[in-house]
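Below you'll find the structure, written out as structure tokens, and then a few comments.
Heads up: numbering here begins at 1 and tracks the sequence. FYI, side chains are in, hydrogens and waters are out, and symmetry mates aren't considered; it's all heavy atoms of this structure.
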Amino acid sequence: MRWVLSLALALAAGIGVLYSLTDGFTVLTAEAARRQAIAAHPRDIPAAVRVLDDAGRLESLNRNLRDDGRVAIVNFFYTRCIALCLAQGSLTEQLQRAIEAEGLQDKLRLISLSFDPRDRAKDLSRYAVRMGADAGVWQFLTLTDAAQRSALLDMFGIMVVPAPLGEFEHNAAFHIVTPDGRLVRIVDLDDPGWALKAAKSLLPASGAGRPAGETP
């Protein structure tokens with residue numbers, strides 16, 4: 001009977017640890033926990049973060065968002081990626097087409113943000129062409145300051161791990177960001193339709209867009 005009691009105690013201890021690590025069994029992975037945490041408590045983008053665009057302009061990310069005024073769907077990438085980022089780019093291009101088809105280009109925008117310190121304006125510009133990006137809807141930015149890059153990745157919950165041949169391993173998703181610089185939602189990368197729906201939910205009732213071809 002002792003071994004039965006020992007097994008029961010060990011099982012109870014293990015369940016207790018799992019309960020605490022998964023927030024009462026409500027999340028089972030770090031990625032799920034990240035998304036749940038943001039949905040419950042949106043985060044503000046650090047005021048000091050500056051970004052470089054594909055035209056070589058350096059400006060505050062918060063100012064970029066505020067001056068533009070549109071809800072942004074943000075993803076993280078790097079231009080030298082030959083696997084995940086290309087798939088991510090294809091899904092983002094689907095979002096671009098959906099935004100334009102619904103007449104939402106004045107309400108919603110896309111931002112692909114590079115975390116690779118090697119990426120510069122010319123790299124972003126070439127990548128935008130490769131992805132078939134419409135500059136009026138889809139913008140490419142990169143982070144040039146190491147400390148600011150680290151702060152922003154940490155705030156978004158993006159894990160970046162160096163890999164062989166100058167590659168990186170990283171988590172990927174669509175991040176919904178308001179014009180006042182708040183991360184409010186994270187959506188699975190493989191569900192761009194849900195990302196679009198989440199972004200549209202933040203628009204005023206009159207800003208839901210219209211079906212393609214329909215006149216105001």
Side-chain angles (χ1 to χ4, degrees), residues 22-23 25-46 49 51 61-62 64-66 68-78 81 83-115 127-128 131-134 137-141 143 152-161 168-205 207-209 211:
T22 61
D23 193 16
F25 302 122
T26 57
V27 293
L28 292 176
T29 67
E31 183 64 13
R34 176 174 81 108
R35 299 178 188 192
Q36 181 170 293
I38 293 301
H41 303 287
R43 298 177 185 172
D44 295 325
I45 290 175
V49 172
V51 290
L61 177 56
N62 272 312
N64 179 295
L65 292 164
R66 184 178 64 252
D68 182 89
R70 291 177 287 180
V71 174
I73 303 174
V74 179
N75 60 13
F76 288 83
F77 83 114
Y78 64 107
C81 182
L84 174 62
C85 296
L86 290 179
Q88 183 175 221
S90 177
L91 292 167
T92 309
E93 197 273 333
Q94 291 179 33
L95 270 173
Q96 175 181 256
R97 284 189 275 117
I99 288 170
E100 293 175 335
E102 294 193 32
L104 291 167
Q105 54 267 47
D106 292 334
K107 303 293 182 181
L108 303 178
R109 67 190 294 213
L110 303 168
I111 297 176
S112 288
L113 189 52
S114 172
F115 52 73
Y127 198 84
M131 292 294 105
D134 178 346
V137 178
W138 188 0
Q139 187 175 17
F140 293 80
L141 306 170
L143 297 149
L152 190 69
L153 293 177
D154 183 64
M155 173 259 163
F156 271 85
I158 301 297
M159 304 296 294
V160 178
V161 180
F168 296 97
E169 298 290 343
H170 63 100
N171 53 329
F174 290 118
H175 306 79
I176 314 303
V177 177
T178 60
D180 61 351
R182 302 188 79 214
L183 171 61
V184 298
R185 192 75 177 269
I186 302 174
V187 179
D188 283 341
L189 187 66
D190 61 359
D191 198 350
W194 185 249
L196 181 60
K197 183 177 180 180
K200 288 166 61 177
S201 72
L202 299 175
L203 301 178

With heavy-atom distances below 4.5 Å as the criterion, would you say the side chains of [X] and [Y] are in contact?
| X | Y | answer |
| --- | --- | --- |
| Asn64 | Gln139 | yes |
| Arg97 | Asp134 | no |
| Asn171 | Ile158 | yes |
| Leu91 | Asn75 | no |
| Leu196 | Leu108 | yes |
| Val177 | Phe156 | yes |
| Val51 | Ile111 | no |
| Pro179 | Val71 | yes |

Rounded distance [0.5 Å steps], [atom1] in [X] versus [atom2] in [Y]:
| X | Y | atom1 | atom2 | value |
| --- | --- | --- | --- | --- |
| Lys197 | Leu202 | NZ | CG | 13.0 Å |
| Leu141 | Ser112 | CG | OG | 8.5 Å |
| Leu113 | Leu143 | CG | CG | 4.5 Å |
| Leu110 | Leu95 | CG | CG | 5.5 Å |

Non-hydrogen atoms of [X] and [Y] that approach each other most closely:
| X | Y | value |
| --- | --- | --- |
| Arg43 | Ala37 | NH2-CB, 4.3 Å |
| Gly89 | Met131 | CA-SD, 3.6 Å |
| Lys107 | Arg70 | O-CB, 3.3 Å |
| Arg34 | Gly157 | CD-O, 3.2 Å |
| Ala195 | Val187 | N-CG1, 3.7 Å |
| Asn62 | Gly181 | OD1-CA, 3.5 Å |

*Give a yes or no on whether the backbone of Ile176 and the side-chain of Arg185 come within a donor-acceptor separation of less than 3.5 Å.*
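Looks like no, no N/O pair under 3.5 Å.
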_With ring pair (Phe, Tyr, Trp, His ring centres under 6.0 Å) as the rule and sequence neighbours excluded, what pairs involving residues 92-115 come up?_
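Counting only pairs at least two positions apart or across chains, the ring pair (Phe, Tyr, Trp, His ring centres under 6.0 Å) contacts touching residues 92-115 are Tyr78-Phe115, Phe115-Phe168, Phe115-His170.
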_Whether Asp180 and Arg182 form a salt bridge (side-chain N of Lys/Arg under 4.0 Å from carboxylate O of Asp/Glu) is what I want to check._
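No salt bridge links Arg182 with Asp180.
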*How about Glu169: does its CD atom have over 12 heavy atoms from other parts shown lying under 6.0 Å from it?*
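Count not over threshold, so no.
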*Classify the angle between the aromatic ring planes of Phe77 and Tyr127 as parallel (below 30°), tilted (30 to 60°) or perpendicular (above 60°).*
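Judged by the thresholds at 30° and 60°, the geometry between Phe77 and Tyr127 is tilted.
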*Go through the steps for Phe174 and Ile186 under the test side chain to side chain contact (heavy atoms under 4.5 Å, CB included), then give the verdict.*
CA-CA 6 Å; Phe174 290 118; Ile186 302 174; over 6 Å; no
